[in-house]
Amino acid sequence: MDQMRSRVKRRMRDVLKTPRIRRCQIIGILLLFSLLFGACGSENTKIDRDKAAIGLVVTTAQAYDSKILWFDADLGNNQIQKLHYAALGSHFAQQIVKNGKIYMIPQGLDNRKDTRKVISIDKNDLSIQEYPFSNIALNFTECIGENVYAINTRNGVSTLERYHTLSQQSQKFEREGEIFNQITAASDKLYCFSMRFDPDNPDRFLTTLRIFTPDLQMEKEIDLSEYGMTSGKALDDQEYLYVTVSHDSYDNSIGRILKINKSTYEIQKFDSEEGNVFDIFRAGDRFIFTHYDPVVNEGGRISIWDGKDSEKIVDLGTPLTLTGISGKHFVVANDNGIRLYSMDNFQLLKEQKIELDSRKYKFYTSSLLFVDE
């Protein structure tokens, strides 16, 4: 335990001194996946949108060389869209789909991370649009209407930046000594989660939730330290925001869902039988959340939750690096390939293998995209 606490404290101090993010994001961005992509299918300068439903992003932090593998709904008709970005997307980040577009961050080369932009992919024609930001090492993005947001931490200062796409003006909210480790938009409010050392207990972390209007006017600040540190993933419905929590305030692995009332900010919690809660989705009256550790790329189990007290755990038998729902399928992707599971009983229906090569750059799969939803 003493070794674990010492390790976590060293990493946290490094984060506050350098342009890096929380423990799991630091390691996850710098490691994993030492493989160069070489997949079935031909490279296309023009993608047949009618045959594209599911996209798998393959990227590297060593060169401005990314690609999206586009499949149809049954994992056929493989097409390749080349993009001139480095470190495009991240399995740590929430998939942001707003205004008919998918928003992603291309961080840039590993030793620089200075691309300073967010991009969007139009779901109708797969065209790319770019949005400029002032800081390097961006790690999470969000969108409300004409506002695009991104967060980063550099030299001990965290910044939440808003870029207004019509006026092309920017605005910032900053805090020293904190790490902004998640932003989530819900019902025209921006939820920004942060963590910092507890000044009274060096073994403990404090978690804060700040709620902003679209123009970054702070409306509420809530101490979430008793619940633990958020995983970076969330979803909302008409009444609640659901947020996954993977570690308690002492950095011990847990599995927790926070249910935050968007009107009163009252908080309820559900504790899973298993730790490392990561992704969360809703399918009808059921919730599906994954048990996965993005740092070590381990965990192949999901929970089916009724939103109250009932939970059923299913082992899908493959690392849940990237997950999502496409139509009647639960989709899982990693460096081995992409799989479709039945939403009824989570039986494997189809698998498309990917062959990877390490002759030049270290490529890895970073994001799943869904354009037919």
Side-chain angles (χ1 to χ4, degrees), residues 19 21 57 64 66 68 83-90 92-108 112-176 178-194 208-222 232 234-236 241 262-263 265 367 369 371 373:
I21 49 180
V57 179
Y64 292 98
S66 296
I68 305 176
L83 299 172
H84 188 69
Y85 297 113
L88 174 63
S90 168
F92 288 97
Q94 181 86 33
Q95 188 62 251
I96 306 302
V97 183
K98 304 285 173 65
N99 307 326
K101 298 178 180 181
I102 301 170
Y103 294 82
M104 305 174 67
I105 293 174
Q107 278 203 331
R112 295 164 60 183
K113 294 186 174 65
D114 61 353
T115 300
R116 301 175 192 256
K117 67 180 65 170
V118 173
I119 71 166
S120 67
I121 302 173
D122 192 298
K123 293 172 66 175
N124 291 320
D125 59 11
L126 308 183
S127 61
I128 306 294
Q129 186 172 356
E130 298 183 345
Y131 312 95
F133 281 78
S134 4
N135 286 318
I136 67 171
L138 304 177
N139 46 70
F140 285 86
T141 186
E142 253 294 2
C143 178
I144 300 176
E146 301 299 334
N147 300 289
V148 180
Y149 307 89
I151 55 175
N152 85 314
T153 299
R154 187 184 184 206
N155 298 329
V157 177
S158 283
T159 302
L160 165 60
E161 185 173 355
R162 161 188 175 250
Y163 176 77
H164 190 260
T165 59
L166 295 182
S167 68
Q168 300 183 350
Q169 298 297 309
S170 296
Q171 181 182 359
K172 296 179 182 179
F173 175 88
E174 296 183 331
R175 282 292 184 271
E176 186 174 357
E178 295 187 33
I179 298 172
F180 293 168
N181 62 319
Q182 179 178 351
I183 49 175
T184 299
S187 299
D188 287 330
K189 298 290 178 66
L190 188 69
Y191 294 72
C192 180
F193 299 82
S194 71
T208 301
L209 166 60
R210 295 182 179 93
I211 301 162
F212 296 88
T213 63
D215 59 354
L216 293 191
Q217 300 303 306
M218 188 168 64
E219 290 192 343
K220 188 78 173 177
E221 185 171 301
I222 303 171
L235 64 81
D236 75 308
L241 175 69
K262 295 190 294 184
S263 298
Y265 302 123
S367 298
L369 315 179
V371 294
E373 305 305 312

Evaluate F133 against N152 for side-chain contact (heavy atoms from CB on, under 4.5 Å), listing each step before the verdict. CA-CA 11 Å; F133 281 78; N152 85 314; over 6 Å; no
I'd like to know whether CG of D188 has more than 12 heavy-atom contacts from other residues, nucleotides or ligands below 6.0 angstrom. no
When you check the side-chain N and O atoms of S187 and K262, is any donor under 3.5 Å from an acceptor? yes
Evaluate the side-chain proximity of E161 to S170: yes if any heavy-atom separation is below 4.5 Å, no if none is. yes
May I ask you to test the K220-Y191 pair for a side-chain heavy-atom distance under 4.5 Å? no
Closest heavy-atom contact between A186 and D236? CB-OD2, 3.5 Å
Any donor-acceptor pair under 3.5 Å linking the side chain of T153 with the backbone of V157? no
For I151 versus Q182, what's the shortest heavy-atom pair and its separation? CD1-N, 3.7 Å
Determine whether the aromatic ring centres of residues F212 and F173 are separated by less than 6.0 angstrom. yes
List in chain and number order the residues that pass ring-ring contact (aromatic ring centres under 6.0 Å, His included) with Y265, two or more places apart in sequence or in another chain; answer none if no residue qualifies. none
Side-chain heavy atoms of I105 within contact of S90, under 4.5 Å: no
Is the closest side-chain heavy-atom distance between R154 and N135 below 4.5 Å? no
Tell me, with the steps shown, if I102 and K123 meet side-chain contact (heavy atoms from CB on, under 4.5 Å). CA-CA 7 Å; I102 301 170; K123 293 172 66 175; 4.1 Å; yes
Answer with yes or no whether the side chains of E130 and Y85 bring together a donor and an acceptor at under 3.5 Å. yes
Salt bridge present between K98 and E142 (N-O < 4.0 angstrom): yes
Under 3.5 Å, is there a donor-acceptor pair between the Q129 and S127 side chains? no
Minimum side-chain heavy-atom gap T208-F193 below 4.5 Å: no
Please confirm whether the backbone N or O of G145 pairs with a side-chain atom of N99, one donor and one acceptor, at under 3.5 Å? yes
Those residues that, when tested against Y163, pass ring-ring contact (aromatic ring centres under 6.0 Å, His included) (two or more places apart): none
Decide if atom CD of E176 counts as having more than 12 heavy atoms of other residues, nucleotides or ligands within a radius under 6.0 Å. no
Between I96, L83, I121, V118, which is the residue that forms a side-chain contact (heavy atoms from CB on, under 4.5 Å) with M104? I121
Which pair of heavy atoms, one from A87 and one from G108, lies closest together, and at what distance? CB-O, 3.5 Å
Check: T165 and N147 side chains under 4.5 Å, non-hydrogen atoms: no
Show your reasoning for whether side-chain contact (heavy atoms from CB on, under 4.5 Å) applies to K172 and L160. CA-CA 6 Å; K172 296 179 182 179; L160 165 60; over 6 Å; no
Stepwise side-chain contact (heavy atoms from CB on, under 4.5 Å) check, L241 with T184: CA-CA 9 Å; L241 175 69; T184 299; 3.9 Å; yes
Is any side-chain heavy atom of I144 closer than 4.5 Å to one of L190? yes
Measuring only between side-chain heavy atoms, which start at C-beta, is R210 closer than 4.5 Å to R175? yes
Using every non-hydrogen atom in the two residues, find where Y103 and V148 come nearest and quote the distance to one decimal. CE2-CG2, 4.0 Å
Side-chain H-bond candidate by donor/acceptor type, S158 with E178, under 3.5 Å: no
Shortest non-hydrogen contact from G232 toward F140: O-CE2, 4.1 Å
